[in-house]
Peer 1: 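One structure, pasted below without further comment.
Everything quoted here is computed from the prediction, not taken from an experiment.
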Amino acid sequence: MLQSAVSTPRAQSAFDRIADRSFRVGIIGLGYVGLPLVRTFARNGFTCVGFDIDPGKVEKLNSGVSYIRHLDASVFSEFIEDGRFTPTTEFSRIDALDACIICVPTPLNRYREPDLSSVVQTCESIAKHLRPGQLVVLESTTYPGTITDVVQPILQRGGLRAGSDFYLAFSPEREDPGNESFETATIPKVVGADDAESLALAAALYKEVVSRVVPVSTAATAEAVKITENIFRAVNIALVNELKVIYAAMNIDVWEVIEAAKTKPFGYMAFYPGPGLGGHCIPIDPFYLTWKAREYGLHTRFIELAGEINTRMPNYVVERLIEAIDRRLGKGLSGSAILLIGIAFKKNVDDMRESPSLKLIALIEARGGRVDYHDPFIEVTPPTREYPHFAGRRSVALSPRTIASYDAVLIATDHDGIDYAGIIDHAQIVIDTRNACARAGLASPKIVKA
Ligand SMILES: NC(=O)c1ccc[n+]([C@@H]2O[C@H](COP(=O)([O-])OP(=O)(O)OC[C@H]3O[C@@H](n4cnc5c(N)ncnc54)[C@H](O)[C@@H]3O)[C@@H](O)[C@H]2O)c1
């Protein structure tokens, strides 16, 4: 339907080349979002060039090594060998492409304001090589207005106009690393653009590789869709985190409440409390809207409140830990040894960006405690933005003797495959922030839920 609204010969030729797979796709930013996207396009017969500014990543891909644990390196090696995928740092190769899909990071700066430097740098690289007929799609999460206020002006610097000379769209990524029920191809894809041809072309391209495309009327609407999804999560997680604290004071188990509440077949959706927010999205993206809303003299009160509650969660967990050590062992946190289980920000991934475990370690060590960690997904701690000094710490192996040598075990991330029964058997105290023990059918007076 979208396609039938378009009549220019240039657009028609692009549709034909999408259909016969001669349409060449460039993916910029080969991380958690970009690499699965390469895999999806290559699997569907497209030739992809993948760009990254990190030569180490490009080298690894070229030598058959994956730097993201849940993405199998052999898949990419196969695509590289048969010419369907070329990883590179040479941005001049943009010249030869029909589409550039941007998947670079969108973090916050030290003042918690949007840091669009990677998007800007990428657009500047594209602008140098942009030619008529090319399609540019931004997938990075950002505030509504980024396409019109930031991306489009940079791309138009050379004189080409979006909508008439080249095509421009926004299509948010909805990747959920570690979730085995969904992958890029099976997650519906929202696409928005400010002109009919850009929308039709971007939708036609994605339609070839994902199960369903959801077109929306403008690029800003598509930007708002993604940020709404992430705000929804941040606010609902804050709600259950607040309820956890209140119910704990009443001696009610919030996880039991949620399990029962979710049996209601309508009007309720389960979210789970934890030690705080982590990852590249939920702790960060809502504040993109907060920043943008200020331009309109508006305040994002739900977002701020959710941020306040979620940010305090590691402090709450440490308070519970201190209380438990004091009551049960008659000692203070200072001089105590704590074994933290799970340094990744969520289960079964090797990603520790913004992980609340790092804040837990910092808080415990600031009080004079000593922390070691066990994480089967992260052998050695890499440098992180906020805690570069934690880099180089190594995961300790779990054994009955090791477990027993700590004053308390703190479960921060509920990876599968951890021997929770063994932990309970040998630990003195188990602080469980994820309800991991109960979910494994384990109960013990040693467990303190926090
Ligand atoms: N990780 C997720 O689950 C997820 C889910 C949905 C949306 N997103 C969004 O997708 C975007 C990318 O996230 P990610 O998790 O893939 O990040 P990532 O850090 O895993 O990957 C980004 C890649 O871009 C590269 N890069 C940085 N600047 C560049 C530049 N100027 N030119 C080329 N490459 C550059 C980096 O080296 C890195 O390899 C972000 O906006 C994020 O919010 C992420």
Side-chain angles (χ1 to χ4, degrees), residues 174 176-179 181-182 226-287 289-290 300-321 323-324 340-342 344-349 351 353-360 363 410-416 420 430-443 447-450:
R174 286 168 156 172
D176 186 14
N179 184 335
S181 309
F182 296 99
K226 174 67 189 181
I227 219 156
T228 300
E229 292 167 5
N230 286 355
I231 292 165
F232 178 77
R233 280 191 65 74
V235 168
N236 279 287
I237 292 169
L239 176 64
V240 285
N241 274 332
E242 182 167 82
L243 292 178
K244 171 179 78 170
V245 175
I246 295 166
Y247 291 155
M250 298 174 175
N251 210 18
I252 296 167
D253 181 339
V254 71
W255 284 277
E256 191 186 348
V257 171
I258 294 168
E259 282 317 296
K262 80 180 194 197
T263 61
K264 185 179 176 188
F266 44 83
Y268 183 81
M269 185 185 280
F271 283 84
Y272 296 94
L277 291 183
H280 184 31
C281 300
I282 312 298
I284 290 174
D285 303 341
F287 295 99
L289 189 67
T290 299
T300 52
R301 285 178 291 168
F302 269 106
I303 295 172
E304 300 284 0
L305 182 58
E308 203 181 295
I309 293 169
N310 289 328
T311 308
R312 235 202 78 73
M313 272 308 114
N315 302 70
Y316 171 76
V317 170
V318 172
E319 281 160 22
R320 302 284 302 198
L321 170 71
E323 203 178 274
L340 181 129
I341 304 291
F345 86 87
K346 71 170 179 179
K347 69 192 281 181
N348 305 337
V349 299
D351 187 351
R353 288 175 289 177
E354 313 292 324
S355 174
S357 296
L358 297 169
K359 179 84 182 288
L360 288 170
L363 287 172
L410 168 53
I411 301 171
T413 312
D414 50 343
H415 291 309
D416 293 338
Y420 294 107
V430 179
I431 308 290
D432 189 351
T433 69
R434 302 280 190 177
N435 203 33
C437 298
R439 281 190 289 114
L442 304 164
I447 301 169
V448 176
K449 295 191 184 187

Peer 1: Please lay out, stage by stage, how F271 and L239 fare under the test side-chain contact (heavy atoms from CB on, under 4.5 Å).
Peer 2: CA-CA 9 Å; F271 283 84; L239 176 64; over 6 Å; no

Peer 1: For the CZ atom on R174, are there more than 12 heavy atoms of other groups (residues, nucleotides or ligands in this structure) within a distance under 6.0 Å?
Peer 2: yes

Peer 1: Would the number of heavy atoms belonging to other residues, nucleotides or ligands and lying under 6.0 Å from OH of Y268 be above 12?
Peer 2: yes

Peer 1: Is it true that a side-chain atom of N310 and a backbone atom of A234 form a donor plus acceptor pair closer than 3.5 Å?
Peer 2: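 Yes; judged by distance alone, with no hydrogens or angles, the pair exists.
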
Peer 1: When rounded to the nearest 0.5 angstrom, what distance separates CD1 in I237 from CD1 in I282?
Peer 2: 6.0 Å

Peer 1: Could you check if a side-chain atom of C437 sits within less than 4.5 angstrom of a side-chain atom of V430, using non-hydrogen atoms only?
Peer 2: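 Yes, their side chains come closer than 4.5 Å.
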
Peer 1: Does a side-chain heavy-atom distance below 4.5 Å link F182 with D176?
Peer 2: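 SC-SC contact between F182 and D176 ruled out.
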
Peer 1: Is there a side-chain contact between V257 and L243 (heavy atoms, below 4.5 Å)?
Peer 2: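 Of all side-chain heavy-atom pairs linking L243 with V257, none is under 4.5 Å.
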
Peer 1: State, to 0.1 Å, how close A438 and K449 come at their nearest heavy-atom pair, and which atoms those are.
Peer 2: CB-NZ, 3.8 Å

Peer 1: Keeping the roles fixed (side chain from T413, backbone from F345), state whether a donor-acceptor pair exists under 3.5 Å.
Peer 2: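 Looks like no, no N/O pair under 3.5 Å.
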
Peer 1: Quick one: pull up CD1 in I227 and CD1 in I303 and give me the separation to the nearest 0.5 Å.
Peer 2: 7.5 Å

Peer 1: About how many Å separate CG of D285 and NZ of K226, when rounded to the nearest 0.5 Å?
Peer 2: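 So the NZ of K226 and the CG of D285 are separated by 6.5 Å.
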
Peer 1: Are any of the side-chain heavy atoms of L277 and E354 separated by less than 4.5 Å?
Peer 2: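 Of all side-chain heavy-atom pairs linking E354 with L277, none is under 4.5 Å.
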
Peer 1: Where do V240 and Y272 land on the side-chain contact (heavy atoms from CB on, under 4.5 Å) test, with the steps shown first?
Peer 2: CA-CA 6 Å; V240 285; Y272 296 94; 5.6 Å; no

Peer 1: Hey, are E319 and R312 close enough for a salt bridge, meaning a charged N less than 4.0 Å from a carboxylate O?
Peer 2: yes

Peer 1: Which value, rounded to the nearest 0.5 Å, describes the distance between Y420 atom OH and R439 atom CZ?
Peer 2: 7.5 Å

Peer 1: At their closest point, which heavy atom of G276 faces which heavy atom of P314, and how far apart are they?
Peer 2: CA-CD, 4.4 Å

Peer 1: Do K347 and R434 pass the side-chain contact (heavy atoms from CB on, under 4.5 Å) test, and can you show the C-alpha distance, the side-chain angles, and the key distance before you say yes or no?
Peer 2: CA-CA 10 Å; K347 69 192 281 181; R434 302 280 190 177; over 6 Å; no

Peer 1: Please find the pair of heavy atoms, one from P283 and one from G278, that lie closest to each other, and give the distance.
Peer 2: CD-O, 3.4 Å

Peer 1: Sub-3.5 Å donor-acceptor pair from the side chain of T290 to the main-chain atoms of T300, do we have one?
Peer 2: no

Peer 1: Should we say atom CZ of F302 is surrounded by more than 12 heavy atoms from elsewhere, each under 6.0 Å from it?
Peer 2: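 Not buried by this count: 12 neighbours or fewer within 6.0 Å.
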
Peer 1: Could you give the distance from CD1 (I284) to CG (N230), rounded to the nearest 0.5 Å?
Peer 2: 10.5 Å

Peer 1: If we ignore hydrogens and angles and just use 3.5 Å, is the side chain of N348 paired with the main-chain N or O of D416 as donor and acceptor?
Peer 2: yes

Peer 1: What closest approach, in Å, do I411 and T433 show between heavy atoms, and which atom pair accounts for it?
Peer 2: O-OG1, 2.7 Å

Peer 1: Are the side chain of N241 and the backbone of G274 linked by a donor-acceptor contact shorter than 3.5 Å?
Peer 2: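 Judged by distance alone, yes, a pair lies under 3.5 Å.
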
Peer 1: Taking the side chain as C-beta and beyond, is there a heavy-atom pair between F232 and E229 under 4.5 Å?
Peer 2: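 No; the side chains remain at least 4.5 Å from each other.
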
Peer 1: Looking only at non-hydrogen atoms, find the nearest pair between Y316 and A450 and report the distance.
Peer 2: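 Reported closest heavy-atom pair: CE2-C, 4.0 Å.
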
Peer 1: Using a 4.5 Å cut-off on heavy atoms from C-beta on, say whether the side chain of V235 contacts that of P286.
Peer 2: no

Peer 1: In terms of heavy-atom contacts, does CD of E256 have more than 12 from other residues, nucleotides or ligands at under 6.0 Å?
Peer 2: no

Peer 1: Does N315 form a side-chain contact (heavy atoms from CB on, under 4.5 Å) with K359? I'd like the steps, not just the answer.
Peer 2: CA-CA 9 Å; N315 302 70; K359 179 84 182 288; 3.7 Å; yes

Peer 1: Can you see which heavy atom on A412 is nearest to which on P275, and at what distance?
Peer 2: O-CG, 3.6 Å

Peer 1: What distance do I431 atom CD1 and R320 atom CZ have between them, rounded to the nearest 0.5 Å?
Peer 2: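 It is 8.0 Å, given to the nearest 0.5 Å.
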
